Number of protein chains: 2
Amino acid sequence: MKNPLGMAVLGLLLESPLHPHAMAATLRERGLDRAFKVTTGSLYDVVRALVREGWIEARETVKVGARPERTVYGLTAAGREEFTRWVDRLVREPQAEFPKFLSAVSYLGALGPAGAVAALRERADRLRASLGEMRAGHRDALEQVPRLFVVEVEYAVRMAEAELAWVEEVVGDVESGRLAWPEEAR
Amino acid sequence: MKNPLGMAVLGLLLESPLHPHAMAATLRERGLDRAFKVTTGSLYDVVRALVREGWIEARETVKVGARPERTVYGLTAAGREEFTRWVDRLVREPQAEFPKFLSAVSYLGALGPAGAVAALRERADRLRASLGEMRAGHRDALEQVPRLFVVEVEYAVRMAEAELAWVEEVVGDVESGRLAWPEEAR
DNA sequence: CTCCGATCGCTCGGATTCGAGTATTTGTGC
DNA sequence: GCACAAATACTCGAATCCGAGCGATCGGAG
């Protein structure tokens with residue numbers, strides 16, 4: 001079980017038992033779909049895996065109307081423990097990750113100086129837009145809930161700001177020639 | 001074809017035809033395994049996919065001694081074009097990604113104030129260590145190749161610095177009470 | 001000259017992932 | 001009271017991913 005969505009599920013069930021569809025809906029309501037990739041397809045797989053590990057268990061299967069049955073899952077004692085361990089580990093140990101932008105920047109040379117500047121400028125614009133949305137969302141959320149519950153947005157904002165600053169700096173460096181384009185890089 | 005490793009392969013073949021094992025070796029030599037997840041298993045799948053798309057093609061199959069045959073692949077004209085488009089798109093359009101730390105921070109509450117501070121402190125230490133390595137590696141590399149070829153390391157360093165700064169700030173905020181721990185968060 | 005670890009180069013299959021599809025029901029505007 | 005969008009709830013199969021091998025060869029120590 002490596003999928004962080006599993007952690008999200010445990011975290012939700014800490015509050016109260018739910019059926020899969022409700023988990024997805026709740027995660028989206030709380031904006032946690034910015035932090036977890038929540039796709040329904042994967043969700044059912046993840047739930048099955050959590051059951052296999054003994055961290056959650058089916059509580060009841062209710063049928064409302066003629067819709068498909070809903071199986072409600074609740075946390076086990078082991079699941080409760082696992083959740084904390086899981087969060088703790090992910091906070092403690094930086095994982096090697098491979099953001100697509102990092103990959104792309106490795107081959108920035110291929111765009112040529114003018115192409116690189118154009119592409120980076122567009123990225124900067126998009127980053128500014130999404131930063132605007134995040135900041136607004138954060139402000140609104142803070143009126144509803146304590147800061148601790150939206151602290152991950154602050155992290156996301158900081159990282160986006162850092163990226164934006166770097167992108168702008170590189171644009172400047174290319175234009176001023178501080179970042180030279182050697183022959184070998186087309 | 002979504003795997004960025006495919007982009008890395010196209011980028012390598014731009015220089016000269018190679019067989020899969022040599023691709024992996026070259027990527028590692030150049031330290032690009034920090035930017036691309038290069039696992040041999042996936043590599044062969046990715047190469048097959050690139051052939052299917054018509055972006056690379058088998059050039060020859062040589063047999064040296066009694067070892068398994070090596071199939072050498074080279075770029076096609078379509079592959080050359082696709083590579084540029086690929087880099088351009090990834091630079092232009094920020095992708096929604098889901099770093100594990102972002103997920104974990106969403107449930108930071110579960111660790112309690114003391115637990116959170118402890119875990120964050122450990123992360124900070126690890127980040128400092130890996131920053132040290134990255135900076136040293138970058139310095140060394142700069143003596144060998146032009147800056148453009150290691151510019152992705154500068155990005156990685158900046159992002160790690162931003163994360164470290166944020167982590168240290170949150171530790172301070174928890175300790176000073178500026179980041180309060182409401183009852184609901186255990 | 002012979003043993004052993006490192007390197008070469010690839011295959012395989014289990015596990016995971018997720019988009020697209022299905023089918024019902026509720027709500028809304030006209 | 002009817003059409004139509006949205007929400008409810010889940011299944012399925014195709015694609016992808018990747019760790020764990022596997023067998024050969026090479027280089028160097030003794």
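Owing to the predicted nature of the structure, the values given are computational and were not obtained by experimental measurement.
Between B:Leu50 atom CG and D:dT16 atom C1' the separation is 14 Å, expressed in whole Å. Atom pair A:Arg28:CZ and D:dA9:P shows a separation of 13 Å (rounding to whole Å applied). At whole-Å resolution of the value, CG in B:Leu43 and P in C:dT11 are 11 Å apart. In this structure, CZ of A:Arg70 is placed 14 Å from P of C:dT25, rounded to the nearest angstrom. Following rounding to the nearest Å, B:Leu18 (CG) and C:dC10 (C1') show an atom-to-atom distance of 16 Å. If you take CD of A:Glu53 and P of C:dA15, they are 12 Å apart, rounded to a whole angstrom. The nearest whole Å value for the distance from the CE atom in A:Met23 to the P atom in D:dA7 is 20 Å. Separating the CZ atom of A:Arg48 from the P atom of C:dC18 is a distance of 15 Å, rounded to the nearest angstrom.
Heavy-atom nearest nucleotides on DNA chain D were determined for B:Val46 and for B:Thr40, and the one closer to the 5' end corresponds to B:Val46. Between A:Pro4 and B:Tyr44, the one whose closest nucleotide on DNA chain C sits nearer the 5' end is B:Tyr44. Where B:Asp45 and A:Asp45 meet DNA chain C, the nucleotide closest to each residue was compared, and B:Asp45 sits on the side nearer the 5' end. If you find the closest nucleotide of DNA chain D to B:Ala49 and to B:Gly41, the one lying nearer the 5' end belongs to B:Ala49.
Here B:Asn3 does not reach the OP1 or OP2 of D:dT16: none of its side-chain N or O atoms lies under 4.0 Å away. Put simply, B:His21 has no side-chain N or O that comes within less than 4.0 Å of OP1 or OP2 on C:dC10.
Below 30°, between 30° and 60°, or above 60°: for A:Phe36 and B:Tyr107 the angle between ring planes is between 30° and 60°, a tilted geometry.
At the heavy-atom level, A:Lys37 lies under 4.0 Å from the strands shown only through sugar-phosphate atoms. Across all strands shown, A:Ser42 has heavy atoms under 4.0 Å from base atoms, whether or not it also approaches the sugar-phosphate. B:Arg52 comes within 4.0 angstrom of the backbone, heavy atoms only, and of no base.
Hydrophobic clustering (ILVMFWY, side-chain heavy atoms < 4.5 Å, transitive): A:Leu18 and A:Leu32 are in one cluster.
In A:Arg34, the CZ atom is not crowded: 12 or fewer heavy atoms of neighbouring residues, nucleotides or ligands sit closer than 6.0 Å.
Taking only side-chain atoms of A:His19, from C-beta outward, the nucleotide of D:dG19, D:dA9, C:dC10 with the closest atom is D:dA9.
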Worked verdict on A:Glu175 versus A:Arg121 for salt bridge (Lys or Arg N to Asp or Glu O under 4.0 Å): CA-CA 12 Å; A:Glu175 289 185 324; A:Arg121 282 235 170 85; 2.9 Å; yes
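For the pair A:Glu15 and A:Arg30, the salt-bridge criterion is met [side-chain N within less than 4.0 Å of a carboxylate O].
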